[in-house]
Structure formats: structure tokens, C-alpha cells
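Everything numeric here is computed off the predicted structure, so don't read it as measured data. Quick note: residue numbers are just sequence positions, from 1.
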Amino acid sequence: MEAQNKEVAALVAKITGLQAAIAKLPSLSPSPEVDALFTDLVTACVPPSPIDVTKLGPEAQHMREALIRLCSAAEGKLEAHYADMLAAFDNPLDHLHRFPYYSNYINLSKLEYQLLARYVPDCAAPSRVAFVGSGPLPFTSLVLAARHLPDTLFDNYDLCDDANQRARKLVRADKDVGARMSFHTSDVADLTHELRAYDVVFLAALVGMAAEEKADVIAHLGRHMTDGAALVVRSAHGARGFLYPIVDPEDIARGGFEVLAVYHPDDEVVNSVIVARKVDDAQMFGENGRARAPGAAPVVSPPCKCCKMEANALEKTEVFASTATELSI
């Protein structure tokens with residue numbers, strides 16, 4: 001226990017130093033200094049750790065919340081930078097592999113699709129999907145549309161109109177994916193009847209960065225999504241909770257959902273994934289009208305190694321083909 005406490009204290013000290021250095025940066029736009037600091041941060045947070053960031057003291061908790069907001073701002077600038085770069089190509093979607101975290105999104109999207117198909121099979125081929133918090137580089141929607149959901153319509157919501165303008169440019173040349181993508185500038189709190197149209201709603205990790213904000217967003221979705229629809233929520237676990245907000249499965253259950261699966265990656269995929277299903281009032285409340293106590297969230301095992309090998313091989317083949325095409329031009 002003493003060794004574990006020392007490990008946690010050393011990690012918190014390291015993260016605190018990195019947060020202070022990042023906060024002093026004149027800009028969070030991509031640059032060698034920015035890239036180096038965030039690389040150090042991710043490298044420190046991704047390995048398995050005994051830390052439970054929800055139990056940190058007030059000072060460390062304040063530092064963590066500030067760091068997550070810095071990460072959010074930096075991620076937005078990174079995506080905007082690459083969205084502008086990709087938009088210069090005739091078909092931007094042919095060059096997505098240029099994004100430095102391309103493989104992470106490929107693997108995360110595949111994982112989310114597999115979990116959805118396994119735990120909510122009637123939503124495995126949805127007619128319409130909403131992604132809340134899509135950003136200027138809506139990787140998840142693009143990957144799902146191209147690889148896993150070829151007949152699905154995607155509505156992407158973001159607070160920032162500039163982000164949506166950038167995203168539209170990425171799909172302009174692809175007749176298939178472009179025809180199935182819509183982008184809307186809206187706060188999720190303003191979405192009501194629209195939410196009833198979706199078989200699946202994806203909630204981005206950085207929508208509602210404080211625990212209370214996230215719980216409010218989930219409760220809003222629970223009030224307006226249709227019964228039986230699936231909700232896919234991105235969370236974090238262990239030291240990765242310094243990078244992204246941690247979502248309590250009980251907050252999802254209290255929001256009107258049955259939590260079906262919780263998955264914590266142990267590889268380069270940073271985000272945890274929670275899959276839930278909207279339940280009706282009869283399932284939410286008992287015969288006495290009182291809310292049912294949420295059960296323990298089922299933590300599920302990772303996909304088999306052969307699936308990962310298949311995904312990696314497919315990715316390498318696509319990158320090789322794209323590079324060969326570029327060289328031949």
C-alpha cells in the first residue's frame with residue numbers, strides 16, 4: 001500500500017508540473033512545444049495506474065479540472081488545424097491517415113460499433129445516428145459511415161459554427177458519405193423533439209466537462225430520446241481521467257437509461273466506452289412509483305486479439321494504398 005501511495009503521489013506531482021507548463025503556453029495551437037508537452041502528458045496518463053482521480057484532494061481536483069479544459073482547447077485547435085490541411089485536398093477523406101491520432105479513432109470507432117452490436121443488437125444497423133460534440137474533424141461519424149454503417153444517416157451537433165463549416169468541407173467530394181452527413185450548430189440542451197428521431201446517440205467525451213454538467217446532459221437526453229434507443233458515452237479510467245472527464249454509470253442510470261456495458265481499454269485507445277439503452281417509465285420506476293436503484297455496471301472484456309490484428313492489417317493496407325495513389329499522381 002505504501003508503494004502504491006508513493007506511485008500515485010509521484011504521478012500527481014508529474015501531472016501537476018505538466019499542467020502548470022501547459023497553462024503558461026502563449027498558445028495551444030499545434031507547435032513543437034505544445035506537441036511535446038501533450039505527448040509527455042499522454043505518455044504519463046495512458047499506462048495502468050492504481051490512481052482513482054475522483055478521490056483526489058481539492059487542490060489536485062482543481063488542477064485536474066483545469067487540465068481537462070486545457071486538453072479540450074488544445075484538441076479543438078489540433079482538429080481545426082488538420083481539418084484545414086485536409087480540406088486542401090481534392091478528396092479530404094482519402095487523407096485522414098495524416099491526422100496523428102488516426103489509428104486511435106479507427107480502433108475506438110470499431111470498439112464502439114462492436115459493443116453496440118453485441119449489447120444492443122437491434123440498434124446495430126441504425127437508420128439515423130446523432131453525434132453530440134462532433135467538432136471540426138468528426139472522425140467517429142466518418143469512420144462509422146465508411147466502415148461499419150453504410151446505410152446510416154448521421155446528424156452531427158456542435159456548439160461552434162466554425163467547427164461545422166470545417167467539417168462540411170471534409171465531406172464535400174465524397175458522394176456517399178457526404179450525402180449521409182449533416183452538421184448542425186446547436187447546444188444539446190436545445191435539442192428536444194429532434195432526439196426522438198435517433199436510434200443511437202453518441203456523446204463526445206468533452207461535452208459537459210464537470211461531473212455535474214455531464215450528468216445534466218445525460219438527464220436531458222434521457223428526457224427526450226425515444227424508448228429503446230442506444231446511448232454511447234465516452235468516459236475515462238485511472239490516470240486517463242486527467243485527460244477526459246470520468247462518467248459515473250450511476251449518473252447514466254439515474255438519467256433514464258439501463259447501463260449495458262462499461263469497457264476500459266488497456267491499449268492506445270484512451271477513452272472508456274459506456275453503452276446504455278433508454279428505458280421507459282415502467283422500467284425506470286417500480287410499482288410504488290419510486291425510482292429503481294441502479295444495479296452494478298457490467299465491466300466487459302476487451303475484443304479478441306484477432307480482431308485487433310485484423311483492424312491493424314486493414315489500416316496498414318489503406319495507408320499503403322493511399323500513399324501509392326499519392327506517389328502515382
Side-chain angles (χ1 to χ4, degrees), residues 27-30 69 71-96 98-102 104-106 108-109 112 126-149 152-209 213-214 216-218 220-221 224-225 231-234 244-245 271:
S27 169
L28 292 175
S29 296
R69 294 186 186 280
C71 289
S72 174
E75 187 172 305
K77 289 183 179 296
L78 180 69
E79 290 191 5
H81 171 81
Y82 276 91
D84 290 342
M85 185 191 79
L86 292 169
F89 292 102
D90 290 338
N91 191 340
L93 300 191
D94 289 340
H95 302 272
L96 293 179
R98 294 173 180 270
F99 186 67
Y101 300 108
Y102 173 75
N104 179 76
Y105 279 100
I106 293 293
L108 176 58
S109 299
E112 290 173 328
S127 58
R128 293 190 71 179
V129 163
F131 194 96
V132 179
S134 49
L137 195 53
F139 253 112
T140 299
S141 292
L142 297 176
V143 172
L144 288 173
R147 293 180 174 226
H148 305 296
L149 301 174
T152 300
L153 301 178
F154 290 79
D155 285 317
N156 299 279
Y157 293 92
D158 200 277
L159 276 172
C160 178
D161 190 58
D162 285 344
N164 286 324
Q165 295 287 359
R166 285 185 164 97
R168 289 188 187 98
K169 293 178 182 178
L170 298 178
V171 301
R172 71 183 188 279
D174 192 300
K175 293 183 180 179
D176 172 34
V177 174
R180 294 188 286 125
M181 289 282 160
S182 297
F183 299 92
H184 312 273
T185 302
S186 179
D187 188 327
V188 63
D190 296 328
L191 303 178
T192 53
H193 64 279
E194 298 95 335
L195 293 169
R196 299 195 65 80
Y198 302 114
D199 305 300
V200 183
V201 174
F202 286 82
L203 183 62
L206 293 170
V207 175
M209 285 185 278
E213 295 171 356
K214 185 78 74 173
D216 287 345
V217 169
I218 291 169
H220 177 80
L221 293 173
H224 298 287
M225 285 174 59
L231 175 65
V232 180
V233 180
R234 290 179 181 172
Y244 291 102
N271 291 113

Quiz: residues 129-139 side-chain donor-acceptor pairs under 3.5 angstrom, not counting sequence neighbours:
| from | atom 1 | to | atom 2 | distance (Å) |
| --- | --- | --- | --- | --- |
| Ser134 | OG | Tyr157 | O | 3.4 |

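Sorted by first and then second residue, the salt bridge (charged side-chain N to carboxylate O under 4.0 Å, His left out) pairs involving residues 186-202 (not counting sequence neighbours) form an empty list.
Partners of Asp216 by side chain to side chain donor-acceptor pair (under 3.5 Å), not counting sequence neighbours: none found. For Thr192, there are no side chain to side chain donor-acceptor pair (under 3.5 Å) partners at least two apart in sequence or on another chain. Residues meeting the side-chain contact (heavy atoms from CB on, under 4.5 Å) test with Met85, sequence neighbours left out: Tyr82, Arg98. Remark: Arg234 pairs with Glu112, Thr140 by the side chain to side chain donor-acceptor pair (under 3.5 Å) rule, at least two apart or across chains.
Side-chain contact between Val171 and Leu142 is present, with heavy atoms from C-beta onward closer than 4.5 Å. At least one side-chain heavy atom of Leu191 sits under 4.5 Å from a side-chain heavy atom of Ser186. Put simply, the side chain of Phe99 reaches to within 4.5 Å of the side chain of Leu78, judged on heavy atoms.
By the 4.0 Å N-to-carboxylate-O rule, Asp176 lies close enough to Arg180 to be salt-bridged with it.
Residues Ala173 and Asp90 share a closest heavy-atom pair of CB-O, 3.2 Å. Shown here for Pro245 and Gly208, the closest heavy-atom pair between the two residues is CG-O, 4.2 Å.
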Side chain to side chain contact (heavy atoms under 4.5 Å, CB included) between His81 and Ser29: does it pass, once the steps are laid out?
-> CA-CA 8 Å; His81 171 81; Ser29 296; over 6 Å; no
Could you give me the CA-CA distance, side-chain angles and deciding distance for Gln165 and Asp161, then say whether side chain to side chain contact (heavy atoms under 4.5 Å, CB included) is met?
-> CA-CA 6 Å; Gln165 295 287 359; Asp161 190 58; 3.5 Å; yes
Could you walk me through whether Asn271 and Tyr244 pass the side-chain hydrogen bond (donor to acceptor under 3.5 Å, both in side chains) check?
-> CA-CA 8 Å; Asn271 291 113; Tyr244 291 102; 4.6 Å; no
Hey, mind stepping through Ser109 and Arg147 against side chain to side chain contact (heavy atoms under 4.5 Å, CB included) and telling me if it holds?
-> CA-CA 9 Å; Ser109 299; Arg147 293 180 174 226; over 6 Å; no
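Note that CG of Leu144 is 8.5 Å distant from OG1 of Thr152, once rounded to the nearest 0.5 Å. If you take OG on Ser127 and CG on Leu149, they are separated by 11.0 Å, rounding to the nearest 0.5 Å. The CZ atom of Arg69 lies 10.0 Å from the CG atom of Leu206; values are rounded to the nearest 0.5 Å. Distance CG/Leu159 to OG1/Thr185: 9.0 Å, rounded to 0.5 Å. Distance check, rounded to the nearest 0.5 Å: CZ of Arg166 to SG of Cys160 gives 7.5 Å.
With Arg172 contributing its side chain and Lys169 its backbone, the two residues share a donor-acceptor pair below 3.5 Å. Side-chain atoms of Asn156 come within 3.5 Å of backbone atoms of Ser182 as a donor-acceptor pair (strictly under, hydrogens ignored). Side-chain atoms of Lys214 come within 3.5 Å of backbone N or O of Ala205 as a donor-acceptor pair.
Taking the six-membered ring where the residue is Trp, His220 and His224 present tilted rings, their angle falling between 30° and 60°.
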